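This structure is a prediction, so every number in the text was calculated from the model and none was measured. Residue numbers run from 1 in the order of the sequence given.
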Amino acid sequence: MNKTRMTLASLLLCAGSMTAQAADYVIDKPGQHAYVTFKASHLGFSYIIGHFEDFAGGFTYDESNPAASSAQVTIKTASLDSDHAERDKHLKGDEYLDAARYPEVSFTSTGYSGDAKAGQLHGKLNFRGVTRDVSIDVKHIGQGDDPWGGYRAGFEGTVMLSAADYNLPAWIGDVEVYLVVEGIRQ
C-alpha cells in the first residue's frame with residue numbers, strides 16, 4: 001500500500017512539474033486582429049503613416065521557454081495603404097517599394113532573447129531583394145481562451161529600419177514599423 005501511494009505521489013509530482021509545450025499560432029488577419037503599420041519622414045517636415053492590408057504568417061510561442069519561440073510573416077507590398085491613392089501609387093512604384101519587381105516583404109525569425117513578457121525577436125528581413133538581420137522589440141500583450149472556443153495570444157513589436165539599407169532614397173531616413181499580432185492557436 002505504501003509503495004502504491006509513493007508511486008502515485010511521484011507521478012503526481014512529475015505531472016505537476018511538467019511545463020507547457022510550444023504552441024503554433026496563425027495570425028488572425030481575416031478577423032482583423034493584426035496590423036503592420038509604418039511611419040516615415042516626409043521631407044523632414046512631417047510623416048507619412050500607412051499600413052499594409054495583405055499579410056499572413058504565424059508564430060510559435062512557448063511561455064515556459066521563450067527562447068524556443070519563432071515567427072514568420074509575409075507582406076504583399078502592393079497592399080500598402082496610406083489613405084491617399086496617388087501617393088500609394090507613387091510609393092508602390094519602382095523608386096520606393098517597386099511592388100511589381102518585389103511583390104513581398106518577408107521576415108523569418110532566427111532567435112529570441114528576453115523573457116516571456118518582453119524581449120527581442122531576431123531574424124532575417126527580406127525587402128526589395130535585400131536581406132538584413134533585424135531585431136524587433138516585442139512585448140507580450142496577453143493570451144487565453146476566446147469566446148469562440150479557441151485560444152489566442154497577442155504581441156506588439158517595433159523596429160526601426162534604415163531606408164538606405166534597403167536601397168531606398170537615403171533622405172527618407174529611418175522608417176518605424178509597428179506591429180500588432182494576435183494569433184489563434186492551432
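- Scanning for side chain to side chain donor-acceptor pair (under 3.5 Å) contacts around Ser162 gives an empty result, with sequence neighbours left out.
- Within the structure, side chain to side chain donor-acceptor pair (under 3.5 Å) contacts touching residues 93-107 (residues at least two apart or in different chains) are Lys76-Glu104.
- Taken from CG in Asp83 to CD1 in Ile48, the straight-line distance is 12.0 Å, to the nearest 0.5 Å.
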What donor-acceptor contacts under 3.5 angstrom involve side-chain atoms of residues 166-175, with partners at least two apart or in another chain?
none

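- Here the side chain of Ser109 pairs no donor or acceptor atom with the backbone of Ser70 at under 3.5 angstrom.
- Counting only residues at least two apart or in different chains, salt bridge (Lys or Arg N to Asp or Glu O under 4.0 Å) contacts with residues 45-54 are absent.
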Validation: residues 176-186 side-chain donor-acceptor distances under 3.5 Å, sequence neighbours left out:
residue	atom	partner	partner atom	Å
Tyr178	OH	Glu156	OE1	2.6
Glu182	OE2	Arg152	NH1	2.6
Gln186	NE2	Ile184	O	2.8

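- The shortest heavy-atom contact between Trp148 and Asp146 is N-OD1, 2.9 Å.
- For Asp133, the salt bridge (charged side-chain N to carboxylate O under 4.0 Å, His left out) partners at least two apart in sequence or on another chain are Lys124.
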Could you go through residues 86-93 and list every donor-acceptor pair under 3.5 Å that involves a side-chain atom there, pairing it with any protein atom two or more places apart or in another chain?
residue	atom	partner	partner atom	Å
Arg87	NE	Ser82	OG	2.8
Arg87	NH2	Ser82	O	2.9
Arg87	NH2	Ser82	OG	3.4
Asp88	OD1	Ser82	N	2.9
Asp88	OD1	Ser82	OG	2.4
Asp88	OD2	Ser82	N	3.2
Lys92	NZ	Ala78	O	2.8
Lys92	NZ	Leu80	O	3.4

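- For Ser69, the side chain to side chain donor-acceptor pair (under 3.5 Å) criterion is met by no residue, not counting sequence neighbours.
- With sequence neighbours excluded, the residues that form a side chain to side chain donor-acceptor pair (under 3.5 Å) with Ser135 are His122.
- Atom CD of Gln72 and atom CZ of Phe107 lie 10.0 Å apart (nearest 0.5 Å).
- Scanning for side chain to side chain donor-acceptor pair (under 3.5 Å) contacts around Asp81 gives an empty result, with sequence neighbours left out.
- A donor-acceptor contact shorter than 3.5 Å links the side chain of Thr77 to the backbone of Pro103.
- Heavy atoms of other residues, nucleotides or ligands lying less than 6.0 angstrom from OH of Tyr47 number 12 at most.
- Within the structure, every pair that satisfies the ring-ring contact (aromatic ring centres under 6.0 Å, His included) test and touches residues 48-71, not counting sequence neighbours, is listed here: Tyr25-Phe59, Phe38-Phe52, Phe59-Phe155, Tyr61-His140, Tyr61-Phe155.
- Listed here is the closest heavy atom pair of Pro66 and Glu63: CD-O, 3.7 Å.
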